[in-house]
Number of protein chains: 2
Amino acid sequence: MDSAVVERHRSRARVMKAMAHPTRLFIVEELSQRERCVHELTEMVGVDMSTVSKHLALLKSVGIVTDERRGNEVYYSLRMRCVLKFFECIEDVLAFGCSACERKS
Amino acid sequence: MDSAVVERHRSRARVMKAMAHPTRLFIVEELSQRERCVHELTEMVGVDMSTVSKHLALLKSVGIVTDERRGNEVYYSLRMRCVLKFFECIEDVLAFGCSACERKS
DNA sequence: AGAGTGTTTGGTAAAATTGCCAAATAGCAT
DNA sequence: ATGCTATTTGGCAATTTTACCAAACACTCT
């Protein structure tokens with residue numbers, strides 16, 4: 001395959017992959033309601049703050065969220081709201097995907 | 001976090017993750033045009049057929065594609081066309097995501 | 001300056017993903 | 001049955017991802 005084409009798909013996959021994690025999906029969903037600081041998100045998710053911080057850094061690195069420091073806290077907000085469109089489709093896949101019914105796990 | 005909520009996000013992430021790979025994104029894009037057998041996709045992608053087969057199995061396991069054997073060949077087709085809506089948003093993220101511009105890699 | 005709070009970064013071990021090869025399976029045609 | 005083609009499966013090494021801890025960093029307040 002053409003290397004330009006490969007690179008294009010790599011970029012796209014990077015964006016998809018940024019969302020492809022339970023915690024990060026939760027964060028995106030949460031930020032769609034309102035901005036949150038790392039401390040708040042950490043409480044909600046229930047893992048180490050450094051872990052949450054790294055998830056946020058990843059989401060930021062592809063441009064899905066932005067951050068803004070206000071005093072001690074860093075507030076994150078959803079920058080690309082279009083990603084919310086994914087959720088509806090994903091629910092459809094989960095509902096319709098009958099291979100999901102056949103699946104063992 | 002509530003374990004039911006965790007499980008819900010895990011399921012969603014499984015669907016996202018199924019698409020979050022350059023080769024699988026390519027396959028989905030390709031299948032949106034027309035159905036293809038493994039042999040054809042393997043030629044296009046340029047990796048081992050067993051690898052392509054595993055990518056397809058993963059996409060199938062979450063319900064994004066279906067397969068149908070016709071003689072020797074197994075034809076795959078896109079089952080959840082809604083996933084195509086992702087692409088436009090991803091392009092936006094790549095275009096708008098200025099952290100993409102600041103990014104090193 | 002110091003202490004206290006909130007966040008990020010570096011390091012590391014465990015887990016998951018990826019891709020190749022070889023072997024197994026499925027179907028068609030002798 | 002044997003051979004041939006198409007696909008899947010199992011196994012394994014290399015790579016990537018994840019999550020913790022500890023240390024560094026940023027900022028506020030005294």
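None of the values given here were measured: they were computed from a predicted structure. Proteins come first, then strands; the chains are lettered A, B, ... in the order of their sequence lines, and each starts at number 1.
By the criterion of side-chain heavy atoms lying less than 4.5 angstrom apart, applied directly or through intervening Ile, Leu, Val, Met, Phe, Trp or Tyr residues, A/Val28 is not grouped with A/Tyr75; the two fall into different hydrophobic clusters.
A/Glu30 meets the salt bridge (Lys or Arg N to Asp or Glu O under 4.0 Å) test with A/Arg34, A/Arg36; sequence neighbours excluded. Scanning for salt bridge (Lys or Arg N to Asp or Glu O under 4.0 Å) contacts around A/Glu88 gives an empty result, with sequence neighbours left out. Partners of A/Glu29 under the salt bridge (Lys or Arg N to Asp or Glu O under 4.0 Å) rule, at least two apart in sequence or in another chain, are B/Arg12. In this structure, the side-chain contact (heavy atoms from CB on, under 4.5 Å) partners of B/Thr42, at least two apart in sequence or on a different chain, are B/Val38, B/Met49, B/Val52. A search for disulfide (SG to SG under 2.5 Å) contacts involving B/Cys82 returns A/Cys89, not counting sequence neighbours. For A/Arg24, the salt bridge (Lys or Arg N to Asp or Glu O under 4.0 Å) criterion is met by no residue, not counting sequence neighbours.
Rounded to a whole Å, the CG atom of B/Asp67 is 15 Å from the C1' atom of D/dT9. As a whole-Å value, the separation of B/Arg70 CZ from C/dC28 C1' is 16 Å. Rounding to whole angstrom units, CD of residue B/Glu68 and P of D/dT8 are separated by 13 Å. Per the geometry, CG belonging to B/Asn72 stands 5 Å off C1' belonging to D/dA6, to the nearest Å. Distance B/Leu58 CG to C/dT18 P: 7 Å, rounded to the nearest Å. Summarising the geometry, the separation between CE on A/Met49 and C1' on C/dT8 is reported as 10 Å, rounded to the nearest angstrom.
Sorted by first then second residue, the ring-ring contact (aromatic ring centres under 6.0 Å, His included) pairs that include residues 10-61 of chain B, not counting sequence neighbours, are A/His9-B/Phe26, B/His21-B/His55.
One finds a salt bridge joining B/Glu7 and B/Arg10 here, because a Lys/Arg side-chain nitrogen approaches an Asp/Glu carboxylate oxygen to under 4.0 Å.
Distances were taken from every side-chain heavy atom of B/His55 (C-beta onward) to each of C/dG19, C/dG6, D/dT7; the shortest belongs to C/dG19.
B/Tyr76 has no side-chain polar atom (N or O) that falls below the 4.0 Å cut-off from OP1 or OP2 of D/dA6.
Shown for residues 15-43 of chain B: residues whose heavy atoms fall under 4.0 angstrom of DNA chain C, namely B/Lys17, B/His21, B/Arg24.
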Item to check | Contact state string [nucleotides 20-25 of chain C, B base, S sugar-phosphate only, - no protein heavy atom under 4.0 Å] | outcome: BBB---
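Counting non-hydrogen atoms under 4.0 angstrom, A/Tyr75 reaches nothing in the nucleic acid.
For A/Glu73 and B/Gly71, each mapped to the nucleotide of DNA chain C holding its nearest heavy atom, the one lying further toward the 5' end belongs to A/Glu73.
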